[in-house]
Protein chains: 2
Amino acid sequence: MILTTPNGMDSDTDQPAGPNEPRLSRASAGRLSLYLRSLESFRREGLGKLSSGQLGESLGVSDAQVRKDLACLGHLGQPGIGYSTNELIDAIRRALGIDREWKAVLVGVGNLARALLRYRGFQQQGFRLVALCDNDAAKVGTTIEGLRVESLDDLTAVVRKTGAELAILTVPAEAAQAVVDRLAATGIRGLLNFAPAALKVPHGVNLVTVDLTVQLEQLAFLVQWSAPER
Amino acid sequence: MILTTPNGMDSDTDQPAGPNEPRLSRASAGRLSLYLRSLESFRREGLGKLSSGQLGESLGVSDAQVRKDLACLGHLGQPGIGYSTNELIDAIRRALGIDREWKAVLVGVGNLARALLRYRGFQQQGFRLVALCDNDAAKVGTTIEGLRVESLDDLTAVVRKTGAELAILTVPAEAAQAVVDRLAATGIRGLLNFAPAALKVPHGVNLVTVDLTVQLEQLAFLVQWSAPER
DNA sequence: GGATGTGAACGACTTCACAGCG
DNA sequence: CGCTGTGAAGTCGTTCACATCC
């Protein structure tokens, strides 16, 4: 499988062209995650089969869009019948690369980090937080949710020992780039960044940034220019 | 100003067509937030003027893209010179509707809520958390960061008294839809949802969902299908 | 009949390229 | 000359419509 690489904005995932299977755009990948969430919910309700229309409706996506997205994963649907919930879930997890466990190290032990540590949703999707790092000497050595806080200086050792491939950044914006550079040097392959900063990552390291302020601003924008006049 | 309404996916911001100023796509709006972050950083460094190239480079956006985005805000650039940092910041804040204070009520007092409460970035961008609600009787009446936790049953009164227009949802996925319905009834106009659930909002209420698991999945996807074979 | 898979049409967004201004 | 603003061209993604299969 190969993914299409439209505009950049973050990450620098250059695609070193593999075999020419049907391409999976990043937009599709984003929706696949959502389909997965819906499908799991449908499965809990005991629904074994569903149509593109049903799946789409729950998310506000057109049936055609759903079929297009799913078509990339192979011939999973049966005309006249629909898709098997279980097969879809498996196929999507495979396509997203989450049909296995991913280990992540959490860098920056603040309130957000604590919240993420206690969040069960990550585990459920196969993400495991295996280590904690911070440069605050007062925090190093303390234990949170069963994990000992390690020094930032030991980053390389920690990554190597735990085998973490991903890192979650919950450090202040000013410190973020420096931490990224150190993380890149450890061979980490993916970064989930919560700092409100535009980060540069070297080739081969993937970056996804979640800027909560940006999300709030988008919301304000929508509200501001939507219906009822004020 | 009026915004273009491409595909839905979340929110239901129907655009009741206003005067035909240059349109601001949602994609552009997302970038404007990022420009803003960069511009503030440039300003802190004392940079009074900059070009579309400089601004774009810091974010991995082409200079042409930056100019196109900024062109919607009026004639701000001077050929041969560039843009004024201050003017740009003001114009973007106006365009995004954040040239004023937005009050928000936080519903669901868990770890994430605590992290958000302590996060200073919101205040800095003009977002103020003015109230806290939870349906857990054990939490009601306690105080966090100077805010008293109110009962969910008092939601309407709380919203009315504080004048909150936005709500931030940090409740479990199962509870989310019910809370949304109650919030919608209070006349809230925007929702920032952190629950991993596909929510339905009535007409006139705007929704932005931040699903942290989705973001991690995107990252796994990128790493999985990027360079170095494993 | 009911639902999939898919080319073709369409629309939105991005990049290109250049005229025009400071 | 440098940089903006902008039509034109190009690319990407979504919707339509229908042949096809159960």
(request) Using a heavy-atom cut-off of under 4.0 Å over every strand shown, decide if A:S52 touches base, sugar-phosphate, or nothing. (result) sugar-phosphate
Nearest-angstrom distance from the residue atom [atom1] of [X] to [atom2] of [N]:
X: B:L76; N: C:dG22; atom1: CG; atom2: P; answer: 15 Å
X: B:H75; N: D:dG5; atom1: NE2; atom2: P; answer: 7 Å
X: A:L55; N: C:dG5; atom1: CG; atom2: P; answer: 13 Å
X: B:L32; N: C:dC13; atom1: CG; atom2: P; answer: 13 Å
X: B:Q78; N: D:dG5; atom1: CD; atom2: C1'; answer: 14 Å
X: A:L24; N: D:dT14; atom1: CG; atom2: P; answer: 11 Å
X: B:D63; N: C:dT14; atom1: CG; atom2: P; answer: 14 Å
X: B:L70; N: C:dT14; atom1: CG; atom2: P; answer: 13 Å

(message) One thing to verify: whether B:R94 and B:D99 come together as a salt bridge, which I'm taking to mean a side-chain N less than 4.0 angstrom from a carboxylate O.
(response) no
(request) For a side chain to side chain contact (heavy atoms under 4.5 Å, CB included) with A:L106, tell me which candidate from A:L117, A:L169, A:L166, A:L192 qualifies. (result) A:L117
Do [X] and [Y] come within less than 4.5 Å of each other through their side chains, counting heavy atoms only?
X: A:Y35; Y: A:I89; value: no
X: B:R93; Y: B:R100; value: no
X: B:E217; Y: A:L36; value: yes

Tell me which nucleotide among [options] gets nearest to the side chain of [X].
X: B:A71; options: D:dT6, C:dT4, D:dT4; result: D:dT6
X: B:R67; options: C:dT6, C:dT4, C:dC18; result: C:dC18
X: A:K68; options: C:dG5, C:dT6, C:dA3; result: C:dT6

Between [X] and [N], is there a contact of a side-chain N or O with OP1 or OP2 at under 4.0 Å?
X: B:Q65; N: C:dT15; result: yes
X: B:Y83; N: D:dG2; result: no
X: A:S62; N: D:dT15; result: yes

(message) I want to confirm an ordering. Mapping A:G80 and A:A64 to their closest nucleotides on DNA chain C, which one lands closer to the 5' end?
(response) A:G80
